[in-house]
Enquirer: 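Before anything else, here's the structure in question.
Note on naming: letters A, B, ... go to the chains in the order of the sequence lines (proteins, then strands), and numbering restarts at 1 for each one. Bear in mind the structure is a predicted one, so any value in this text is a computation, not a measurement.
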Number of protein chains: 2
Amino acid sequence: MFVLTRPSSARRYDRRMNDAVDLFLAQWARERPDLDVSPMAIIGRTGRLQQILGRRIGDLLAEEGLERWEFDVLATLRRAGAPYRLTGRDLVRMTMVGSSAMTNRVDRLVKRDLVHREVDPDNRRRVLVGLTDEGLATVDRVVEGHVAGEAVLLEGLDPDEQERLVGLLRKLLLSLGDGAPE
Amino acid sequence: MFVLTRPSSARRYDRRMNDAVDLFLAQWARERPDLDVSPMAIIGRTGRLQQILGRRIGDLLAEEGLERWEFDVLATLRRAGAPYRLTGRDLVRMTMVGSSAMTNRVDRLVKRDLVHREVDPDNRRRVLVGLTDEGLATVDRVVEGHVAGEAVLLEGLDPDEQERLVGLLRKLLLSLGDGAPE
DNA sequence: ATCGAATATTTCGATGTCGAAAGATTATGT
DNA sequence: ACATAATCTTTCGACATCGAAATATTCGAT
């Protein structure tokens, strides 16, 4: 027995197969052969990827009773470590949303008793946002299924390919100035 | 003289340098060493990439007097080829927005005289949306600067790396079911 | 000490998206 | 033919975001 049956989850996607962006590019090539539209091969795909992954991840979180923006805030506080509190400014920096959106998010998380908000006594301009016990329990419970679900979404790439993808994405992000703070 | 000076645009970003997601992952590793959060290395980065690229591209289009959603619709019609008209349904399929959003988009493009809308006489449920002369001229003028701007954003990767990135993204998208419609 | 600049958050109005339901038209099965 | 299902678009209400302005507090220079 030298023939291994390939599990169906490892279906092969070779270069003969086309995704939606290939069609997209072929249309441009036909209509504007003078243009080099190859940048769209990357940018179009990161866009579609983000939409598809975002939707799937949102569905998984919905089963746990969380919206994605809720998980993002809770997870940011959680991974900051004990005592699981950050200033509003830090939350804004770490989540890529504007300050007004963060005010709104914290408002609603406070209403759900997942975080608490208080004025920083050391600097009363600041607001300290911290996980409640319920918030901590929630994020610690949900994060496991969350990363497991994400892993499933990426199963189309083997570990080697995933690592190569990470390397390329990091290099691109660094070139765009997305460095780690200090 | 055997030393070549490297142009500053070709700054090197090696694995010693950290981007924002590396910090993110390091925090999780410290707080929850039991979890394998490696999927976030990819998903976190595509997210940030999309945000950063989206903003930059939006800025470039704004200089031409277009919003990104406007360009997306005009470009979809343009690359469909003469006579540059599609049904609403097709536009929805090709742009990944819901039908109600498309109604809204077409409304506003009609007001700007960039597209026209009429009922399909062959099937009066359908709406045909087509580029006006002004819409065609606009998209043909703007698309050149658009792809040029996108190319600049990707300069952090050399052509070889860009190609490898495309291959990995396509494979991942195919595995997620994002195939080209027949 | 005090005035003006800088920092941090909130409020407000404008935008744009989504999903569900409504409305209009066409396809299907008997 | 006719009722019913399916298809396509629009309307409507709910949300979430953004940027600019408003508010409150602290810092800095004199």
Side-chain angles (χ1 to χ4, degrees), chain A residues 47-48 50-52 54-59 61-62 65-74 76-77 85-112 115-130 181, chain B residues 47-48 50-52 54-59 61-62 65-74 76-77 85-112 115-130 181:
Chain A
R48 289 188 81 85
Q50 205 42 36
Q51 287 229 14
I52 292 170
R55 234 164 262 203
R56 300 266 204 113
I57 291 169
D59 291 345
L61 285 172
L66 279 184
E67 309 266 341
R68 198 177 183 189
W69 63 261
E70 294 177 304
F71 178 79
D72 284 341
V73 175
L74 298 181
T76 302
L77 292 167
R85 49 169 61 188
L86 291 169
T87 67
R89 192 94 204 101
D90 288 334
L91 279 173
V92 164
R93 265 195 287 267
M94 299 176 92
T95 53
M96 294 189 90
V97 302
S99 58
S100 53
M102 188 53 71
T103 295
N104 187 26
R105 287 181 177 194
V106 173
D107 281 348
R108 284 171 292 160
L109 286 169
V110 167
K111 273 187 200 124
R112 287 195 57 177
V115 307
H116 52 83
R117 164 164 44 193
E118 46 202 290
V119 172
D120 183 345
D122 294 341
N123 184 338
R124 297 187 336 263
R125 286 174 298 188
R126 285 200 251 263
V127 164
L128 290 173
V129 180
Chain B
R48 289 187 81 86
Q50 205 44 34
Q51 286 228 14
I52 293 170
R55 234 164 260 203
R56 299 266 204 114
I57 291 170
D59 291 345
L61 285 173
L66 279 184
E67 309 268 339
R68 197 175 183 191
W69 62 262
E70 295 178 303
F71 178 79
D72 283 342
V73 176
L74 298 180
T76 303
L77 291 166
R85 48 169 62 189
L86 290 169
T87 68
R89 193 93 203 102
D90 288 334
L91 279 173
V92 163
R93 264 195 287 267
M94 299 174 91
T95 52
M96 295 189 89
V97 300
S99 58
S100 53
M102 188 53 72
T103 296
N104 187 25
R105 288 181 176 194
V106 173
D107 281 349
R108 284 172 291 162
L109 286 169
V110 167
K111 271 187 202 128
R112 286 194 58 176
V115 307
H116 53 82
R117 164 163 46 192
E118 47 202 289
V119 173
D120 183 346
D122 294 342
N123 185 339
R124 297 185 337 259
R125 285 174 299 189
R126 283 201 252 264
V127 163
L128 290 173
V129 180

Enquirer: Could you tell me how far apart A:Met96 (CE) and D:dT17 (P) are, to the nearest whole angstrom?
Expert: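 Whole-Å distance recorded here is 14 Å.
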Enquirer: Using OP1 and OP2 only, check whether a side-chain N or O of A:Arg108 sits under 4.0 Å from D:dT17.
Expert: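 Answer is yes, contact under 4.0 Å.
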Enquirer: Does this structure show an ion pair linking B:Arg125 with B:Asp120, if we count only N-O contacts that are shorter than 4.0 Å?
Expert: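 B:Asp120 and B:Arg125: not salt-bridged.
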Enquirer: Separation of A:Gln50 atom CD from C:dT17 atom P, in whole Å?
Expert: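 Distance, rounded to whole Å: 17 Å.
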Enquirer: Any salt bridge between A:Arg93 and A:Asp90, counting N to O under 4.0 Å?
Expert: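 Answer for the salt bridge query: yes.
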Enquirer: For a quick check, with a 4.0 angstrom heavy-atom cut-off, what is the B/S/- contact string for nucleotides 7-13 of chain C, read 5' to 3'?
Expert: BSSBB--
Enquirer: Measure CD/A:Glu70 against P/D:dT17 and give the value in whole Å, please.
Expert: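 So the two atoms are 11 Å apart, to the nearest Å.
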Enquirer: In terms of side-chain geometry, is the basic nitrogen of B:Arg126 or B:Glu118 positioned less than 4.0 Å from the acidic oxygen of its partner?
Expert: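 No, this pair does not count.
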Enquirer: Ignoring hydrogens and angles, tell me if any N or O in the side chain of B:Gln50 forms a donor-acceptor pair with the backbone of B:Gly47 under 3.5 Å.
Expert: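 Checked: no pair found.
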Enquirer: Which nucleotide in the list C:dC18, D:dT17, C:dT26 gets nearest to the side chain of A:Trp69?
Expert: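 Shortest atom-to-atom distance from the side chain points to D:dT17.
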Enquirer: With respect to B:Leu109, which candidate in B:Val73, B:Leu77, B:Asn104, B:Val129 satisfies the side chain to side chain contact (heavy atoms under 4.5 Å, CB included) definition?
Expert: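 Testing B:Leu109 for a side chain to side chain contact (heavy atoms under 4.5 Å, CB included) against B:Val73, B:Leu77, B:Asn104, B:Val129 leaves exactly one candidate, B:Val73.
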Enquirer: With a 4.0 Å limit, can you tell me whether B:Arg124 has a side-chain N or O closer than that to the phosphate oxygens OP1/OP2 of C:dT26?
Expert: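 Yes.
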Enquirer: Measure the distance from CG on B:Asp122 to C1' on D:dT9 and round it to the nearest whole Å.
Expert: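 In whole Å, D:dT9 C1' lies 17 Å from B:Asp122 CG.
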Enquirer: For B:Arg55 and D:dG19, what is the distance between atoms CZ and P respectively, to the nearest whole Å?
Expert: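 Those two atoms, CZ and P, are 7 Å apart.
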Enquirer: Taking 4.0 angstrom as the limit, do B:Glu70 and B:Arg112 come out as a salt bridge?
Expert: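 Judged by the 4.0 Å cut-off on N to carboxylate O distance, B:Glu70 and B:Arg112 do form a salt bridge.
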Enquirer: May I ask you to say what A:Arg68 touches in the nucleic acid, namely base, sugar-phosphate or nothing, with a heavy-atom cut-off under 4.0 Å?
Expert: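 If one applies the 4.0 Å heavy-atom cut-off, A:Arg68 turns out to touch nothing in the nucleic acid.
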